[in-house]
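Here the structure is laid out as structure tokens; the discussion comes afterwards.
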Amino acid sequence: MLNWLRTLGRQGAPTTKTIPDTLWMDTLLQFPFLARRPVAELQRLHELAGKFLKQKEFTGANGLKVTDEMAVAIAAQACLPVLHLGLRWYDDFKGIVVHPGAMLARREVTDQAGVVHRYSEALLGEAMEGGPVTLSWQDVAAAGSSAEQGHNVVIHEFVHKMDMRDGAADGCPPLASRSAHAGWHSVMQPAYDGFCEKVAMARRFGAEPPWLDDYGAGSPAEFFAVACEAYFVNRERFTQDFPSLTVLFDKFFIPAK
């Protein structure tokens, strides 16, 4: 890591440290979906990302060295979902592991007949309950150009961490009451069901595929994470397909004061 980021870990360092303006501006240029946000939000994001960097530890895997630029890019994107909620949503973990590219994860699944299937799965990122977040730098860096398609691996994995705060990810973050949970599911479930139907029609019968990444059809948790990617990086296009989810997400991610 470079000199600026190293100073954050020193004993006696302040609890927050302003990201240098030149480094911050370079980050905004690299990720236009950040730069397009209102000035007041960018000021808040700048401050929050500095606090985030003070609290987290970055580790490069497979020989990768995490630079200031890489860490700030990840911090800025990770802080978008909690911009109006605060970093307490990320206080159950400290480590962020950055790989040069996609990772191969070994999987083991037992089917209904009791047969064990072992295979490898290429991952762009992974969020572990109570544990670290793992990211592919290749895909983090590509977020500036992939926003048009609604993709963002950092937001995806950090939304999973938010979802996991009340246990395993299920597509619903912790909410204040049973009625709030019921209201959430009353909007999310039909949106998820309709999306899965469109994905199935495209895969089986060659119908036009949905704009949103079909990875979201894997489970309600993945649908929530994929939907949040698009909501934060290409809100206008996302709202064309999911107006009800935009309203729901606004209420959650931008709570009334």
Side-chain angles (χ1 to χ4, degrees), residues 15-16 19 24 28 31 33-56 74-94 127 129-130 133 143 147 150 152-192 195 212 216 220-257:
T15 56
T16 182
I19 298 168
W24 182 248
L28 297 184
F31 303 102
F33 65 88
L34 293 176
R36 287 193 292 266
R37 304 191 77 85
V39 173
E41 286 195 1
L42 288 177
Q43 292 174 343
R44 170 62 177 157
L45 187 64
H46 191 177
E47 176 187 351
L48 202 64
K51 293 179 179 179
F52 177 94
L53 289 168
K54 173 64 180 177
Q55 296 175 8
K56 304 304 178 190
I74 291 170
Q77 295 173 75
C79 287
L80 264 186
V82 296
L83 184 61
H84 302 281
L85 300 174
L87 291 177
R88 66 179 182 83
W89 284 86
Y90 298 154
D91 63 9
D92 65 328
F93 74 100
K94 193 168 187 178
E129 185 180 352
V133 171
N152 189 287
V153 65
V154 177
I155 292 173
H156 184 107
E157 300 306 334
F158 278 84
V159 164
H160 274 322
K161 293 296 291 187
M162 298 176 75
D163 191 0
M164 291 174 180
R165 282 189 65 87
D166 57 355
D170 60 1
C172 180
L175 298 173
S177 65
R178 289 185 179 181
S179 62
H181 277 86
W184 181 276
H185 288 294
S186 71
V187 178
M188 284 291 289
Q189 192 63 50
Y192 174 61
F195 177 70
L212 195 68
E222 294 300 346
F223 179 66
F224 177 41
V226 166
C228 285
E229 293 180 60
Y231 166 78
F232 280 106
V233 304
N234 196 339
R235 176 191 174 95
E236 183 176 348
R237 180 63 184 85
F238 174 73
T239 303
Q240 291 179 25
D241 289 358
F242 300 100
S244 63
L245 289 188
T246 296
V247 174
L248 182 71
F249 290 173
D250 281 351
K251 185 177 179 180
F252 174 71
F253 289 108
I254 314 173
K257 295 182 178 179

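Because the structure is a prediction, the values reported are computed rather than measured.
Residues Phe238 and Ala227 share a closest heavy-atom pair of CE1-O, 3.6 Å. For the residue pair Phe232 and Arg37, the shortest heavy atom distance occurs at O-NH1, 3.6 Å. For His160 against Ala169, the heavy-atom pair with the smallest separation is ND1-CB, 4.4 Å. Closest non-hydrogen pair, Ala75 versus Phe52, comes out as CB-CD2, 3.5 Å. The shortest non-hydrogen separation linking Ala76 to Leu45 is O-CD1, 3.5 Å.
Formation of a donor-acceptor pair under 3.5 Å by the Gln77 side chain with backbone atoms of Ile155 is not found in this model. At distances below 3.5 Å, at least one donor-acceptor pair connects side-chain atoms of Asp163 with backbone N or O atoms of Asp170. At least one donor-acceptor pair under 3.5 Å links the side chain of Tyr90 to the backbone N or O of Ala78. Between the side chain of His84 and the backbone N or O of Pro255 there is no donor-acceptor pair closer than 3.5 Å. Side-chain atoms of Arg237 never come within 3.5 Å of backbone atoms of Gly150 as a donor-acceptor pair (strictly under, hydrogens ignored).
With rounding to the nearest 0.5 angstrom, the CD atom of Glu229 is 12.5 Å from the CG atom of Leu80. Remark: Gln189 CD to Phe223 CZ distance equals 9.5 Å, nearest 0.5 Å. Separating the CZ atom in Arg44 from the CD atom in Glu47 is a distance of 5.0 Å, to the nearest 0.5 Å. To the nearest 0.5 Å, atom CG of residue Leu48 and atom CD of residue Gln43 are 13.5 Å apart. Between the NE2 atom of His46 and the SG atom of Cys79 there is a distance of 11.5 Å, given to the nearest 0.5 Å. Atoms CG and CD, from Leu34 and Glu41 in turn, are 11.0 Å apart once rounded to the nearest 0.5 Å.
Of the residues listed (Pro173, Cys228, Cys172), the one engaging Phe252 in a side-chain contact (heavy atoms from CB on, under 4.5 Å) is Pro173, and it is the only one.
For the pair Arg36/Val233, no side-chain contact is recorded, criterion being any heavy-atom separation below 4.5 Å from C-beta on. Leu42 places none of its side-chain heavy atoms less than 4.5 Å from the side chain of Val39.
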For this session: Might you work through the side chain to side chain contact (heavy atoms under 4.5 Å, CB included) test for Val133 and Phe158, ending with a clear yes or no?
Result: CA-CA 8 Å; Val133 171; Phe158 278 84; 3.8 Å; yes
Problem set entry | Stepwise side chain to side chain contact (heavy atoms under 4.5 Å, CB included) test for His156 and Glu222 | CA-CA 8 Å; His156 184 107; Glu222 294 300 346; 3.0 Å; yes
For this session: Please test Tyr231 against Asp250 for side chain to side chain contact (heavy atoms under 4.5 Å, CB included), starting from the C-alpha separation and ending with a verdict.
Result: CA-CA 9 Å; Tyr231 166 78; Asp250 281 351; 2.5 Å; yes
For this session: Given side chain to side chain contact (heavy atoms under 4.5 Å, CB included), test Asn152 with Phe33 step by step and report yes or no.
Result: CA-CA 11 Å; Asn152 189 287; Phe33 65 88; 3.3 Å; yes
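Side-chain polar atoms of His185 and His181 form no donor-acceptor pair below 3.5 angstrom.
Both tests pass for Lys161 against the ring of Phe93: distance under 6.0 Å to the centre and angle within 45° of the axis.
Environment of CD in Glu236: sparse, with no more than 12 heavy atoms of neighbouring residues, nucleotides or ligands closer than 6.0 Å.
Aromatic rings from Phe249 and Phe242 are positioned such that their centres are separated by 6.0 Å or more.
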